[in-house]
*Asks:* 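For reference, the structure I am asking about is given below.
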Amino acid sequence: MDKSSGVYVAGHRGLVGSAICRRLQRAGYSNVIVRDRGQLDLTHQPAVEAFFASEKPEYVFLAAAKVGGILANSTYPVDFLRDNLSIELNVTDAAYRHGVKKLESLGSSCIYPKLAPQPIKEEYLLTSPLEPTNEWYAIAKIAGIKLAQAYRQQYGFHAISLMPTNLYGPGDHFDLKASHVLPALMRREFLHVDDLADAALFLMLHYDEAEIINVGVGTDLSIRELAELVCRVVGYQGRLVFDTSKPDGTPQKLLDVSRLRALGWEARIGLEEGIRETYQWFLSQQGVSQQSVAT
Ligand SMILES: NC(=O)c1ccc[n+]([C@@H]2O[C@H](COP(=O)([O-])OP(=O)(O)OC[C@H]3O[C@@H](n4cnc5c(N)ncnc54)[C@H](OP(=O)(O)O)[C@@H]3O)[C@@H](O)[C@H]2O)c1
């Protein structure tokens with residue numbers, strides 16, 4: 001991938017897509033192509049076809065998806081299945097037919113079985129039942145992996161699939177009903193989105209195999225430890241109460257990242273440092289300084 005290659009980042013306004021754009025910019029890639037949903041609805045096949053025919057990107061990061069937490073998944077099962085299947089099929093097929101040199105799709109650790117042994121190795125995919133609360137999303141994401149593998153097998157298309165663990169960082173969503181696990185204080189292994197973007201570029205440059213590849217930090221923590229860490233960062237000194245009546249998904253989720261480590265990549269941003277920085281970003285979005293919160 002040259003610094004002047006046409007690189008399309010699908011989903012550039014999202015948590016992951018925006019971090020990948022920042023990373024590409026920092027690395028000096030000068031021809032990054034983006035379209036927001038109003039300009040290009042990726043569920044609309046003719047529009048996707050026309051975009052690839054006219055822009056002819058050489059490399060594609062697919063970070064556009066209909067995403068959400070447990071509640072959103074169970075309330076809108078059709079949206080999660082239909083939109084994600086459409087986006088994956090439209091983008092993968094158009095990328096192949098319009099000569100994209102490499103496609104990197106972002107999956108999710110929720111594709112793994114609910115009771116997978118820990119830490120979760122890539123080969124545990126499809127070995128036992130999924131977590132029912134997000135199976136709509138997971139099934140669509142698994143179909144995306146299989147699409148990439150099928151285009152590689154039948155046409156020799158260079159498509160790779162990354163499975164990141166839970167992400168957090170600037171650009172995250174803080175709506176309590178639709179939010180990811182950290183804002184809703186629900187759990188596990190957490191990777192800063194800037195580390196993910198770094199791994200995404202690293203794997204685009206150095207990985208070209210059919211097998212999916214996990215992207216994580218390799219350590220996890222309990223909800224209580226996480227909550228205590230957040231309290232420390234935001235200066236909260238009150239009591240913590242845990243509502244155990246709420247659904248919490250898969251009991252433990254820690255990815256085995258030995259394959260990624262063997263390629264020479266490791267996460268760099270510590271959780272406390274990352275949460276501190278994300279909290280600063282959150283406050284800046286609200287127009288508040290940390291000092292005024294503490295007083
Ligand atoms: N966040 C995590 O913890 C996490 C963890 C593991 C994996 N991932 C994966 O990373 C990928 C991106 O997640 P994210 O957290 O960055 O999500 P996000 O912040 O919600 O961003 C998703 C992006 O996709 C775009 N999009 C959705 N539907 C679209 C459509 N029909 N046409 C065009 N664009 C569309 C959205 O555009 P608008 O801005 O216009 O809505 C948004 O920019 C997903 O595949 C997800 O599974 C995320």
Side-chain angles (χ1 to χ4, degrees), residues 8-23 33-48 51-52 60-70 72-73 76 79-92 94 103-112 120 134 136-145 147-148 160-175 178-184 186-197 199-200 203 212-217 249-250 253-255 257 267 274 278:
Y8 170 42
V9 179
H12 71 288
R13 293 200 310 190
L15 175 67
V16 170
S18 58
I20 291 177
C21 286
R22 289 195 296 276
R23 183 69 187 85
I33 304 161
V34 295
R35 292 288 184 281
D36 64 35
R37 195 200 300 221
Q39 298 168 306
L40 176 60
D41 179 352
L42 295 171
T43 65
H44 187 222
Q45 192 271 340
V48 177
F51 166 77
F52 275 86
V60 176
F61 290 88
L62 178 51
K66 166 98 186 143
V67 302
I70 293 175
N73 258 271
Y76 307 107
D79 296 11
F80 279 87
L81 206 45
R82 182 198 53 206
D83 286 12
N84 288 312
L85 287 171
S86 307
I87 292 171
E88 289 154 3
L89 180 57
N90 293 342
V91 172
T92 307
L103 165 68
E104 178 181 299
S105 297
L106 275 297
S108 161
S109 55
C110 72
I111 55 147
Y112 289 115
I120 307 173
N134 61 13
W136 316 103
Y137 186 69
I139 294 276
K141 285 287 169 191
I142 292 170
I145 294 169
L147 261 180
I160 61 172
S161 302
L162 274 54
M163 299 305 129
T165 188
N166 303 300
L167 303 172
Y168 72 99
D172 207 347
H173 310 275
F174 288 84
D175 171 72
S179 59
H180 299 130
V181 73
L182 182 60
M186 282 173 73
R187 72 169 322 185
R188 297 175 195 96
E189 176 193 12
F190 295 100
L191 178 69
H192 193 287
V193 71
D194 287 344
D195 269 340
L196 183 262
L203 291 168
I212 60 177
I213 184 152
N214 288 340
V215 184
V217 290
T250 304
K253 212 156 62 170
L254 173 63
L255 294 183
V257 288
T278 305

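All values below come from the heavy atoms of this structure, side chains included, with hydrogens, waters and symmetry mates left out. Both ligands and their constituent atoms are indexed starting at 1 by order of listing. The model shown is predicted, which means the values in this text are computed figures rather than measured ones.
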*Asks:* Is any side-chain heavy atom of L42 closer than 4.5 Å to one of V48?
*Replies:*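 When only atoms from C-beta onward are counted, L42 and V48 do touch, with a gap below 4.5 Å.
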
*Asks:* For ligand 1, is there an atom lying under 4.0 Å from some heavy atom of S86?
*Replies:*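 In this structure, S86 fails to qualify as a contact of ligand 1 - no heavy atom is under 4.0 Å.
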
*Asks:* Please determine if Y137 has a nitrogen or oxygen closer than 3.5 Å to a nitrogen or oxygen of ligand 1.
*Replies:*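 N/O-N/O distance below 3.5 Å exists for this pair.
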
*Asks:* Kindly confirm or rule out an N or O of L167 lying under 3.5 angstrom from an N or O of ligand 1.
*Replies:*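 It does: an N or O of L167 is found under 3.5 Å from an N or O of ligand 1.
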
*Asks:* For ligand 1, indicate whether the residue T165 contacts it via side chain, backbone, both or neither (heavy-atom separation under 4.0 Å).
*Replies:*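 It is the backbone that gets close, since no side chain atom is under 4.0 Å.
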
*Asks:* For ligand 1, which atoms sit closer than 4.0 Å to a heavy atom of L40?
*Replies:*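 Heavy-atom distances to L40 below 4.0 Å select 32 (N), 33 (C).
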
*Asks:* Report yes if some heavy atom in the side chain of L62 is under 4.5 Å from a heavy atom in the side chain of I87; otherwise report no.
*Replies:*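 Yes, at least one pair of side-chain atoms sits under 4.5 Å.
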
*Asks:* For ligand 1, find out whether one of its N or O atoms is nearer than 3.5 Å to an N or O atom of V67.
*Replies:*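 Checking ligand 1 against V67, no N or O pair falls under 3.5 Å apart.
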
*Asks:* Between N166 and F190 (side chain of the first, backbone of the second, donor and acceptor by atom type, cut-off under 3.5 Å), is there such a pair?
*Replies:*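 Side chain of N166 to backbone of F190, a donor-acceptor pair under 3.5 Å: no, none is there.
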
*Asks:* Please examine the side chains of L106 and L196, heavy atoms only from C-beta on, and report whether any two atoms are closer than 4.5 Å.
*Replies:*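 In contact.
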
*Asks:* Do any nitrogen or oxygen atoms of A64 lie less than 3.5 angstrom from nitrogen or oxygen atoms of ligand 1?
*Replies:*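 No - when backbone and side-chain N and O of A64 are compared with those of ligand 1, no distance drops under 3.5 Å.
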
*Asks:* Does the plane of the ring in F80 sit parallel, tilted or perpendicular to the ring in Y137? Use 30° and 60° as the thresholds.
*Replies:*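 If you compare the ring of F80 with that of Y137, the planes turn out perpendicular.
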
*Asks:* Say whether I87, considering both its backbone and side-chain N or O atoms, lies within less than 3.5 Å of an N or O atom on ligand 1.
*Replies:*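 No; the residue has no nitrogen or oxygen that sits under 3.5 Å from a nitrogen or oxygen of the ligand.
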
*Asks:* Would you say that K253 contacts C110 through its side chain, given a criterion of any heavy-atom pair below 4.5 Å between the two side chains?
*Replies:*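 K253 vs C110: side chains touch.
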
*Asks:* Run the side chain to side chain donor-acceptor pair (under 3.5 Å) test against S108 and tell me which residues pass, sequence neighbours left out.
*Replies:*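 In terms of side chain to side chain donor-acceptor pair (under 3.5 Å), with neighbours along the sequence ignored, S108 is linked to no residue.
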
*Asks:* Please state which option from G107, S108, A63 has its nearest heavy atom closest to atom 9 (C) of ligand 1.
*Replies:*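 Answer by nearest heavy atom: G107.
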
*Asks:* Run down the list G17, G144, G14 and name the one with the heavy atom closest to atom 43 (O) of ligand 1.
*Replies:*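 Checking each option, the heavy atom nearest atom 43 (O) of ligand 1 is found in G14.
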
*Asks:* Does Y168 have a non-hydrogen atom less than 4.0 Å from ligand 1?
*Replies:*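 The answer is no, since Y168 has no heavy atom less than 4.0 Å from ligand 1.
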
*Asks:* Looking at T43, which atoms of ligand 1 are within less than 4.0 Å of one of its heavy atoms?
*Replies:*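 In order of numbering, the contacting atoms are 31 (N).
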
*Asks:* Numbering the atoms of ligand 1 from 1, which are under 4.0 Å from a heavy atom of G11?
*Replies:*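 Those atoms are 23 (C), 24 (O), 43 (O).
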
*Asks:* With side chain to side chain donor-acceptor pair (under 3.5 Å) as the criterion, how do Y76 and D83 come out once you've worked through the C-alpha distance, each side chain's angles and the decisive distance to 0.1 Å?
*Replies:* CA-CA 11 Å; Y76 307 107; D83 286 12; over 6 Å; no

*Asks:* Identify which of H12, H44, M163, R37 has a heavy atom lying nearest to atom 28 (N) of ligand 1.
*Replies:*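 Answer by nearest heavy atom: R37.
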
*Asks:* What do you reckon, does A65 have a nitrogen or oxygen under 3.5 Å from a nitrogen or oxygen of ligand 1?
*Replies:*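 Min N/O separation from ligand 1 is below 3.5 Å for A65.
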
*Asks:* With a 4.5 Å cut-off on side-chain heavy atoms, are V34 and C21 touching?
*Replies:*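 When only atoms from C-beta onward are counted, V34 and C21 do touch, with a gap below 4.5 Å.
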
*Asks:* Is the closest N or O pair between N166 and ligand 1 shorter than 3.5 Å?
*Replies:*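 N/O-N/O distance below 3.5 Å does not exist for this pair.
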
*Asks:* Measuring only between side-chain heavy atoms, which start at C-beta, is L255 closer than 4.5 Å to Y112?
*Replies:*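 Yes, close enough: below the 4.5 Å cut-off.
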
*Asks:* Are the side chain of T165 and the backbone N or O of E189 linked by a donor-acceptor pair below 3.5 Å?
*Replies:*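 Yes, T165 side chain to E189 backbone: donor-acceptor pair under 3.5 Å.
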
*Asks:* Specify side chain, backbone, both or neither for D36, according to which of its non-hydrogen atoms lie closer than 4.0 Å to ligand 1.
*Replies:*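 Neither part.
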
*Asks:* Do the non-hydrogen side-chain atoms of I160 and I213 ever get within less than 4.5 Å of each other?
*Replies:*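 Counting from C-beta outward, I160 and I213 never come under 4.5 Å.
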
*Asks:* Under 3.5 Å, N or O to N or O, is K66 touching ligand 1 that way?
*Replies:*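 There is no such contact.
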
*Asks:* Just wondering, do T278 and H192 contact through their side chains at under 4.5 Å, heavy atoms?
*Replies:*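 When only atoms from C-beta onward are counted, T278 and H192 do touch, with a gap below 4.5 Å.
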
*Asks:* Do any nitrogen or oxygen atoms of K141 lie less than 3.5 angstrom from nitrogen or oxygen atoms of ligand 1?
*Replies:*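 Checking ligand 1 against K141, an N or O pair does fall under 3.5 Å apart.
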
*Asks:* Nearest to atom 19 (O) of ligand 1 by heavy atom, L15, I111, L42, V9: which?
*Replies:*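 Shortest heavy-atom distance from atom 19 (O) of ligand 1: L15.
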
*Asks:* Do any nitrogen or oxygen atoms of R13 come within less than 3.5 Å of a nitrogen or oxygen of ligand 1?
*Replies:*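 It does: an N or O of R13 is found under 3.5 Å from an N or O of ligand 1.
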
